[in-house]
Amino acid sequence: MRVLVTGGAGFIGSHVADALVERGHEVVVLDALLPSAHARPPKPPEGREWIVADVRDRDAVAGALRGVDAVCHQAAMVGLGKDFADAPAYVGCNDLGTAVLLAAMAEAGVRRLALAGSMVVYGEGRYACPRHGVVRPGPRAAADLDAGRFEPLCPACGSELRPGLVGEDAPVDPRNVYATTKLAQEHLAASWARATDGSAVSLRYHNVYGPGMPRDTPYAGVASFFRSALERGEAPRVFEDGCQRRDFVHVRDVAAANAVALEAVREQSAGTCAAYNTGSGEPHTVGEMARELARAFGGPDPVVTGEYRLGDVRHVTADSGRLRAELGWRPGVGFAEGMAEFAEAPLRG
């Protein structure tokens, strides 16, 4: 296939492009090379078509789609950002950009899409109460967080909850601007699929890490913050009590999931957009990740600060069984192995 990878010069997108080429596909990269993601713009790999343009540029996108069989849409503004003043930028990059791309795909007759989704659409993960079964706690109050009460309680009886794995059928509950835009992208993709008889897959990434991760800008992930601190000789600063659970999945495994999804979407029923959790299946706490990374790097031990960010959720970990069962994808990089590699890998400047 000839595949257009939007955001194909970025952290995840560049790995996706590599994975597609390794599987014998022809790749076209479209990337705006925004300074927030590329302090030092990368050089195009040899033999790969490279278009420097914004996904919101209708003419550029239309040109990039010529001769293309499928699109892997990775271009997005990520992370929580600095504050709500970032909202127009998130909506512009993520939702307007997706709408422009999908409109151009409809006009060009391109009917296969793999979308970079996110686990943030769930809000909090899955919780069970001893008395009330599966429950959905609301957003945590600032007063509780200030007092160090980080665990959400049962909304019915106030009991402690047991976190579990969240499946794709869980209700969505985006808790911040970024999460809202990622859910909107899925809705746009579903509308496009229905209107054009296209086939779309949204891979709901969990916490992706690995070589080439951007440095600690306000738009980077927690693994990048910790790795950057260690590189400066500083201790990683772990928010809350460090016991918040996440699923850390290696970027090469995420790239492989995109390649598998693009190949499988040809067999998917037309007019549909299927969501798949994309995680390692092995939950770890943020504190565990910080300790493992510091140990592998040989740097100072992490410091648990008790600080928090409003909009963060306490526990969200993936049940990636559907992706494994339906598309045959399997993660190949274990937690300790991945952290050891990440400890020594260069970060994106």
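Only one option out of Glu151, Gln244, Arg126 pairs with His315 in a side-chain hydrogen bond (donor to acceptor under 3.5 Å, both in side chains); it is Glu151. Between Phe11 and the options Val16, Val78, Val251, a side-chain contact (heavy atoms from CB on, under 4.5 Å) holds for only Val251.
One finds no salt bridge joining Asp18 and Arg23 here, because no Lys/Arg side-chain nitrogen approaches an Asp/Glu carboxylate oxygen to under 4.0 Å. Residues Glu292 and Arg295 are paired through a salt bridge, judged by an N-O separation under 4.0 Å between the basic side chain and the carboxylate. Arg227 and Glu344 are not joined by a salt bridge, as no carboxylate oxygen comes within less than 4.0 angstrom of a charged side-chain nitrogen.
Taking OG1 of Thr98 as the reference point, atom CD of Glu186 lies at 10.5 Å (rounded to 0.5 Å).
Remark: the Asn94 side chain and the Tyr178 side chain contain no N/O donor-acceptor pair separated by less than 3.5 Å.
Annotation for Arg131: atom CZ does not count as buried by contact number, only 12 or fewer foreign heavy atoms lying within 6.0 Å.
Using modelled atom types, no side-chain atom of Glu231 and backbone atom of Ser228 make a donor-acceptor pair closer than 3.5 Å. Under the 3.5 Å distance criterion, the side-chain polar atoms of Trp329 are matched with a main-chain donor or acceptor of Asp253.
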Under 3.5 Å, which donor-acceptor pairs do the side chains of residues 162-172 form with other protein atoms, sequence neighbours left out?
unit_1 : atom_1 : unit_2 : atom_2 : d
Glu168 : OE2    : Asn277 : N      : 2.7
Asp169 : OD1    : Arg322 : NH2    : 3.1
Asp169 : OD2    : Arg322 : NH2    : 3.3

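Residues meeting the salt bridge (Lys or Arg N to Asp or Glu O under 4.0 Å) test with Asp54, sequence neighbours left out: Arg56. Under the side chain to side chain donor-acceptor pair (under 3.5 Å) criterion, His250 pairs with Glu341, sequence neighbours left out. With sequence neighbours excluded, the residues satisfying salt bridge (Lys or Arg N to Asp or Glu O under 4.0 Å) with Arg237 are Glu307. Considering only residues two or more places apart in sequence or on other chains, Glu26 meets the salt bridge (Lys or Arg N to Asp or Glu O under 4.0 Å) condition with Arg2. By the ring pair (Phe, Tyr, Trp, His ring centres under 6.0 Å) test, Phe335 pairs with His284, sequence neighbours left out.
The shortest heavy-atom contact between Gly299 and Leu230 is CA-CD2, 3.9 Å.
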- Item | side-chain hydrogen bond (donor to acceptor under 3.5 Å, both in side chains) evaluation trace for Gln74 with Asn258 | CA-CA 10 Å; Gln74 304 293 317; Asn258 275 275; 3.0 Å; yes
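Between Tyr209 and Phe248, the two ring planes are perpendicular [angle over 60°; tilted spans 30° to 60°].
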